[in-house]
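First up is the structure itself, then whatever we jot down about it.
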Amino acid sequence: MNFIKKQEEYIKKVLLENNYDVESVGLIPSSRPDLGEYQFNGMMALAKKNKENPIASANKIADILKTNEEYESVSVAGPGFINITFQNNALLNEANRLLSNDNLVTKEPSKKIIIDYGGPNVAKILHVGHLRSANIGEALKRLARKLGHEVIGDIHLGDYGLQMGLVMLEIQTRYPNLSCFQNDFEGNEVLDLPITNDDLIDIYPIASGKSKNDQEFLEKAREITYLFQNNHKGYKALWRSIMNISLADMKEIYQKLNIEFDLWNGESDAETFIPEMLEYLRKENAIIPSEGAEVIEVKEENDKLEIPPLLIIKTNKTVSYQTTDLATLWDRAHNMNPDEVWYVADKRQELHFTQIFRAAHKTKIVKENTKLEFIGFGTMNGLDGRPFKTRDGGVMSLRNLINEVEKVTDTKIIPSIMGEERKKVSETISVGTLKFADLLSHRATDYIFDLEKFSDANGKTGPFILYSTVRMRSLLKKAEEEKIQYNFVELKDKTDKTVILQVLQLQKVLEKSLQEKSLHEITDFLYNLNNCYNNFYGMNRILTEENENLKQTWIALTKLVYEINLLILDILAIKVPTRM
């Protein structure tokens, strides 16, 4: 059990022994450090419940807490806040425990979680809008794993709907003689298409534009979509070929971003489960006709807003992306049996997921106790406050965004780093810059991406954290070369003690971040920890300190903060460069 949790359990025990009915105790860093390091603010509510004077009640409990040898001081302030300052030895013991522990984090009871994130459409450009889903999803996946959960990450590609029909029709228009378009085509092979991924990226917007102005073109695309969804050999072969080209580019970009999916499934993988799901839904009388289509009614009596029915079969007899999402959930529920399924997507998709979740629970596709959660996020905006664009007003590709950031970060690397190492360092810092900036705000808020601000090594930025980490690693390497032992023995003053107090927040920060499904608590903690450490570092000569006890403690403190940095940066999927 971590130190703060242990203190909370101790205070809870004291309260219960004194007839205060309390379920849990929360210790938080004090808002008045001059009065104490941590505080408990629950006495006012507990005293009110017992019809007591809160200040008198707080003083009664404080007098008992003063007998704890781990507390240097306990005092009451304001209407009944209990402030606690810890003994140095208690903090040193906890720091040594953490330093000697292979796992800095206490595990939670394990759940099986599927997290659906990424969601790019095949044959379309990966753009800045895909960054948030990938970053947030990857970090939440890694965070849940660190806290002891079994997590499966699925990219869930868009590869089955009308967009595929449009792309295939445009390819057919340009290359009508391809074997897959011939009536006698019987192959299952992947075709050698005369197009690149850049061609694919151009094809979709052209085909989409045509469909808006040419009804015949749109109807033909719908027909191709229907044939493809019903296993037409030629269009299936073309689809496999498009997938090969598009996925190769996607995987390269996601690899740059340190994003790792366990499953590269898409809407098309739900195809296998659609027939049995439809059979089940019809047997349960869950599907009803609606103006030539088929739907599931999901509205509820207490709805304040109109919740439309879930579209299962379109009027042209093709399935909707709502159908494939429900069938994907069918697969996950029946074949993976998760405790929870999380969906990371733009917050504007909340209605869609409300429909899916209601349909899944109403029809008992998922168990009643299976938790389905929508994790919505805001947009990444430019300096003008609008969604991030290129200079000419177009949607910026993710590849180009990474390159733009790399150009800026490259100018801030020390000149002695050259050649291939410089290229690798610059790429590492640029990705760290992007990811830290993207996770700095609460996920549900829109934020402005200011490249100059977020690449500054002196601000609340990725480069600041990376530089701090690289400097710690260098110091630890020198200490190792000089064979300096490290252990928490003695504290000098508030500069080193404050760093340990920051360290104590680690477990609660991680737990809260997972509970809230947000990462800004982690980025805030990481910045505050490194800011405290750098203040301590600037005021002390660690390697040349004459007091051996302090030197050992300070090396140990550096080692502990360094390990926490590595832990959290790994959660955020940010790599550390060799040098900066």
Side-chain angles (χ1 to χ4, degrees), residues 119-125 156-185 188 191 193 195 199-243 245-246 265-275 277-278 281-282 287-296 308-328 349 351-352 355-356 359:
N121 288 318
V122 170
K124 289 187 183 179
I125 191 171
H156 196 67
L157 299 159
D159 64 349
Y160 198 65
L162 178 60
Q163 72 159 77
M164 296 307 301
L166 289 168
V167 169
M168 287 191 273
L169 177 55
E170 181 62 24
I171 292 174
Q172 187 170 6
T173 303
R174 297 183 185 191
Y175 307 101
N177 294 325
L178 287 175
S179 60
C180 60
F181 300 132
Q182 310 312 312
N183 292 331
D184 59 352
F185 181 80
N188 293 312
L191 308 171
L193 295 180
I195 56 177
D199 296 323
L200 275 180
I201 288 169
D202 287 336
I203 283 172
Y204 174 74
I206 291 170
S208 180
K210 286 182 180 180
S211 71
K212 291 179 175 64
N213 302 305
D214 185 339
Q215 187 64 30
E216 186 179 342
F217 188 88
L218 177 59
E219 291 304 320
K220 179 62 177 174
R222 285 174 173 164
E223 180 188 347
I224 289 174
T225 304
Y226 175 82
L227 291 171
F228 157 64
Q229 290 182 357
N230 285 273
N231 294 311
H232 182 281
K233 288 186 177 180
Y235 292 123
K236 275 291 184 183
L238 178 58
W239 171 81
R240 284 192 293 272
S241 307
I242 292 170
M243 291 288 287
I245 296 170
S246 190
N265 290 346
E267 291 176 278
S268 62
D269 290 282
E271 181 181 71
T272 305
F273 307 101
I274 290 174
M277 182 187 75
L278 291 177
L281 292 173
R282 290 194 171 105
I287 298 178
I288 60 174
S290 176
E291 299 178 0
E294 295 182 73
V295 302
I296 297 175
L310 187 74
L311 179 62
I312 294 294
I313 302 293
K314 297 180 181 180
T315 54
N316 64 3
K317 305 308 175 187
T318 60
V319 299
S320 71
Y321 74 100
Q322 292 179 320
T323 317
T324 56
D325 270 2
L326 196 60
T328 299
Q349 294 190 43
L351 174 60
H352 166 74
Q355 293 172 290
I356 295 295

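Counting begins at 1 with the first residue of the sequence. These numbers were taken from a predicted model, which means no experiment stands behind them.
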Apply the test side-chain contact (heavy atoms from CB on, under 4.5 Å) to residues Leu191 and Phe185: give CA-CA distance (whole Å), side-chain angles for both, the deciding distance (0.1 Å), then the verdict. CA-CA 12 Å; Leu191 308 171; Phe185 181 80; 4.3 Å; yes
Can you tell me how far apart [atom1] ([X]) and [atom2] ([Y]) are? Round to the nearest 0.5 Å.
| X | Y | atom1 | atom2 | answer |
| --- | --- | --- | --- | --- |
| Lys220 | Gln215 | NZ | CD | 14.5 Å |
| Tyr204 | Ser246 | OH | OG | 13.0 Å |
| Ser268 | Leu157 | OG | CG | 7.5 Å |
| Asn213 | Leu218 | CG | CG | 10.5 Å |
| Ile201 | Ile195 | CD1 | CD1 | 11.0 Å |

Residues in side-chain hydrogen bond (donor to acceptor under 3.5 Å, both in side chains) contact with [X], at least two apart in sequence or another chain:
| X | answer |
| --- | --- |
| Asp199 | Thr196 |
| Asn316 | Thr318 |
| Lys210 | Glu170 |
| Ser241 | none |

Please name the residue in the list Ile125, Leu193, Val167, Val122 that meets the side-chain contact (heavy atoms from CB on, under 4.5 Å) test with Leu200.
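Running side-chain contact (heavy atoms from CB on, under 4.5 Å) over Ile125, Leu193, Val167, Val122 with Leu200 returns exactly one hit, Val167.
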- Can you list the steps and then say if Asp269 with His156 is a side-chain hydrogen bond (donor to acceptor under 3.5 Å, both in side chains)? CA-CA 9 Å; Asp269 290 282; His156 196 67; over 6 Å; no
[Y] side chain reached by [X] side chain, heavy atoms, under 4.5 Å:
| X | Y | result |
| --- | --- | --- |
| Asn231 | Lys236 | yes |
| Ile287 | Leu278 | yes |
| Leu311 | Thr323 | no |
| Val319 | Thr324 | yes |
| Leu162 | Arg222 | yes |
| Ile296 | Gln355 | no |
| Gln163 | Thr225 | no |
| Phe181 | Pro176 | no |

At their closest point, which heavy atom of [X] faces which heavy atom of [Y], and how far apart are they?
| X | Y | value |
| --- | --- | --- |
| Asp159 | Gly266 | OD1-C, 3.6 Å |
| Leu238 | Cys180 | CB-SG, 4.1 Å |
| Gly158 | Asn121 | CA-OD1, 3.3 Å |
| Ala270 | Ala327 | CB-CB, 3.7 Å |
| Leu166 | Ser208 | CD1-CA, 4.3 Å |
| Ala293 | Thr315 | N-CG2, 3.9 Å |

- Do Gln229 and Glu271 have side-chain N/O donor and acceptor atoms under 3.5 Å apart? no
Margin query: Under 6.0 Å between ring centres: does that hold for Tyr321 and His352?
Written below: yes
Report task. Run the numbers on Leu326 and Met277 for side-chain contact (heavy atoms from CB on, under 4.5 Å), then give the verdict. Result -> CA-CA 9 Å; Leu326 196 60; Met277 182 187 75; 3.9 Å; yes
**Q.** Salt-bridge present (Glu294, Lys317; N to O < 4.0 Å)
**A.** no
Can you list the residues that meet the ring-ring contact (aromatic ring centres under 6.0 Å, His included) rule with Phe228, with sequence neighbours excluded?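 Counting only residues at least two positions away or on another chain, Phe228 forms a ring-ring contact (aromatic ring centres under 6.0 Å, His included) with Tyr160, Trp239.
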Starting from the C-alpha separation in whole Å, work towards a yes-or-no answer on side-chain contact (heavy atoms from CB on, under 4.5 Å) for Gln172 and Leu178.
-> CA-CA 8 Å; Gln172 187 170 6; Leu178 287 175; over 6 Å; no
Taking atom OH as the centre, does Tyr226 end up with more than 12 heavy-atom neighbours from other residues, nucleotides or ligands that are less than 6.0 angstrom away?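 Not more than 12 within 6.0 Å, no.
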Pairing residues for Lys124 by the salt bridge (Lys or Arg N to Asp or Glu O under 4.0 Å) criterion, not counting sequence neighbours: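 Counting only residues at least two positions away or on another chain, Lys124 forms no salt bridge (Lys or Arg N to Asp or Glu O under 4.0 Å).
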